[in-house]
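Worksheet for the structure shown next.
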Amino acid sequence: MTGFDMARILITSALPYINGIKHLGNLVGSQLPADAYARFMRQTGNEVMFICATDEHGTPAELAAAKTGEAVADYCARLHGVQAELAKGFRLSFDHYGRSSSARNHRMTQHLAGRLAENGLISEVSEKQVYSHADGRFLPDRYIEGTCPNCGYTRARGDQCEECTKQLDPTDLIEPRSAISGSTDLEVRETKHLYLRQSALKDRIDQWIDSQQGWPILTTSIAKKWLHDGDGLQDRGITRDLDWGVPVRKGDQPWPGMEGKVFYVWFDAPIEYISATAEWADANGLDDAAWERWWRTDKGADDVRYVQFMGKDNVPFHTLSFPATIMGSGEPWKLVDYIKSFNYLNYDGGQFSTSQGRGVFMDQALDILPSDYWRWWLLSHVPENSDSEFTWENFQASVNKDLADVLGNFASRVTKFCRSKFGEVVPEGGAYGPAEQAVMAEIATRLAAYETHMAEIEIRKATAELRAIWVAGNEYLQSAAPWAVFKEDPERAAAIVRFALNLIRLYAILSRPFIPDAADAMALAMNVADESWPHDLDDALTALPGGHGFSVPENLFDKITDEARDEMAARFAGKA
RNA sequence: GGGCCUGUAGCUCAAUUGGUUAGAGCAGAGCGCUCAUAACGCUUUGGUUGGGGGUUCGAGUCCCUCCGGGCCUACCA
């Protein structure tokens, strides 16, 4: 994959959950690298469909809505709006940002469940669940609290005691109570649920995973673990006794015995990838064929390359459950071709914490600094191989050095020198010589590496290569020294400056996947509309001809001072 | 308890899958330049690759063991 094959690429990012604003760890774990990849693929001439959506169902959404006093549907609509705005703020270039609560997803989820049932892949299981009379609802295990029978901890949860880490069953708890209302008026009730018979598809999924080439070890090792651990891949419940969700139906027919139940959030969320693409078609006044050519291999999707991005916590659903749903439907849906998974980003020696207000959240980040600053640091430190860590010192150093000094100052020194000697017009005269050829040779090598890394989704390596391409400009300028040459040979100085101005234009194009706003600023300053990918550097670096007008841009990036850094570190340290 | 990932320069990371003398960036030191956001360039200090043992002509890379960090998970390999 060089990126020049004019492929069709379907890209999905794991769906952010609806209950609140996501922190930088969530952002860098899927949406941001997916965006850089999508932007690169578009720029290099591929047809891209980049899909994301909010994941809106489940108990946490209901509880969050109850807390604000809103109806859950209203709450989700509002938070979807908030998250969509933040996505825009970070310049996430989704073709569509959908909602798992959409009518499209209701129908698609019910349809696929119906198909699975027809193929004998759904079983009905009776199980006992705790019902709270005061809350008027069944309680998920983790929303039941009580005293741990092992260690006596009085705030143990029904799924696990956080004190002694012992796994628990809700019925093990002594004096159980609802974590929502505190009520002890609980009752164990028999309730019937649907299970997806993943075990029946185990061998097929296993072979499918085995047949994949070059997936991150994080992806395959998690998948293999779940496939082969203990008794192998287990069946999983796909329904819940809740009000908020996709009502259980068998296609467009009622499902006897399942009245009043909804599908479980992990079942309908990945299906939203498909539904959101349909939502995209609807929103653009297109027919079903427009989205089906991305998803149905019998309707044009056979040449699509489908790439998913997600944090490691999402890997089991994407390697096992969702493929089981797709395969089990017996319909020709597009299966994922490559699963890029990420480790976690920690915050200054610990984890990001919503409850403790520890770490930086997306809205706060944009209040402090422009999105490019965050994008650059996060993408150049994306946790590809192991968990990585955000520190303010590191953030400050990267932003100041890479963005302000290496790139920003390059644009500044070139444009200001030209303005003072030749005016705000690309100077004419002189010719490129060996010095320019040498830089072009170096950039050509690095550009090829950059393209390879992007095609292979090695984001960190790509950022390092891009930075080296910026550095090459400063090296060139230093050795060509137009400020000295100008005194003896203005013609030669003109050629040097013309070449350097063309480098700024080149940087605008190459930097766009990572820092789109700065790319805009550079392109605007260089007064160019054509941003076609530089397949030929000789052409790309003569694109700005002598006589072409430009303007000196404002400083592309301001530096982060030590004082500002310390202030931010204190502000986001969280409650003691 | 089990499984997986991870430990490389003060810091953040590489190392073409077992092949010369382990490389970059930042930080540090020295020099140069003066167009530029006190920016840029060049040179340079710095590593017993967590410890120990083993396989091999050859180990950062494979095996065993111990120590540390992380993730997943439950009595099952």
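The model shown is predicted, which means the values in this text are computed figures rather than measured ones. So that the names make sense, note that chain A is the first sequence line, chain B the second, and so on, each numbered from 1.
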- Message: Can you tell me the base-pairing partner of B:G41? Count Watson-Crick or G-U wobble geometry only, both distances below 3.5 Å, and say none if there is no partner.
- Response: B:C31
- Query: Phosphate oxygens OP1/OP2 of B:C40: is one of them under 4.0 Å from a side-chain N or O of A:K401?
  - Reply: yes
- Query: Knowing that exactly one of A:T239, A:D235, A:V125 qualifies, which makes a side chain to side chain contact (heavy atoms under 4.5 Å, CB included) with A:L194?
  - Reply: A:T239
- Start at the 5' end of RNA chain B and walk down; is the nucleotide closest to A:A404 or to A:Y344 reached first? A:A404
- Task: Would you indicate which nucleotide in B:C4, B:A36, B:G41 comes nearest to any side-chain atom of A:N409?
- Result: B:A36
- Task: Could you check whether A:F410 gets within reach of a base, just the sugar-phosphate, or nothing at all, counting any heavy atom under 4.0 Å?
- Result: nothing
- Message: Let's test this: given Watson-Crick or G-U wobble pairing with both distances under 3.5 Å, identify the partner of B:A24.
- Response: B:U12
- Query: Just to confirm, is there a sub-4.0 Å distance from OP1 or OP2 of B:C26 to any side-chain nitrogen or oxygen of A:R467?
  - Reply: yes
- Query: Expressed in whole Å, how much space separates the P atoms belonging to B:C63 and B:G19?
  - Reply: 15 Å
- Message: Side-chain N or O of A:K312 versus OP1/OP2 of B:C4: is the shortest distance under 4.0 Å?
- Response: no
- Within less than 4.0 Å of OP1 or OP2 of B:C40, is there a side-chain N or O belonging to A:R413? no
- Query: Which part of the nucleic acid, if any, lies within contact of A:L556, taking any heavy atom under 4.0 Å across all strands shown: a base, the sugar-phosphate backbone alone, or nothing?
  - Reply: base
- Now, which nucleotide makes the Watson-Crick or G-U wobble pair with B:C4, with each of the two distances under 3.5 Å? B:G70
- Message: By the 4.0 Å heavy-atom rule, please label A:V471 as base, sugar-phosphate, or nothing.
- Response: sugar-phosphate
- Note: A:D210-A:K224 ion pair, threshold 4.0 Å (strictly below): yes
- Message: Just confirming the chi classification of B:U73, syn or anti, using 90° around 0 as the syn window.
- Response: anti
- Message: Could you tell me how far apart A:D405 (CG) and B:G41 (C1') are, to the nearest whole angstrom?
- Response: 13 Å
- Heavy atoms under 4.0 Å, any strand shown: does A:S388 hit a base, just sugar-phosphate, or nothing? sugar-phosphate
- Message: Under 4.0 Å, counting only non-hydrogen atoms across every strand here, what does A:N555 touch: a base, just sugar-phosphate, or nothing?
- Response: base
- Message: Considering every strand and a 4.0 Å limit on heavy-atom distances, what is the contact class for A:K461: base, sugar-phosphate, or nothing?
- Response: sugar-phosphate
- Where each residue is assigned the nucleotide of RNA chain B containing its nearest heavy atom, which of A:H381 and A:N346 is assigned the position nearer the 5′ end? A:H381
- Picking from B:C35, B:C72, B:U37, the nucleotide nearest the side-chain atoms of A:K225 would be B:C72
- Query: Between A:N314 (CG) and B:C72 (C1'), how many Å, whole number?
  - Reply: 14 Å
- Query: Around A:E554, counting heavy atoms of other residues, nucleotides and ligands shown, do more than 12 lie under 6.0 Å from its CD?
  - Reply: no
- Query: Which one is paired to B:U56, where only Watson-Crick or G-U wobble pairs with both distances under 3.5 angstrom count?
  - Reply: none
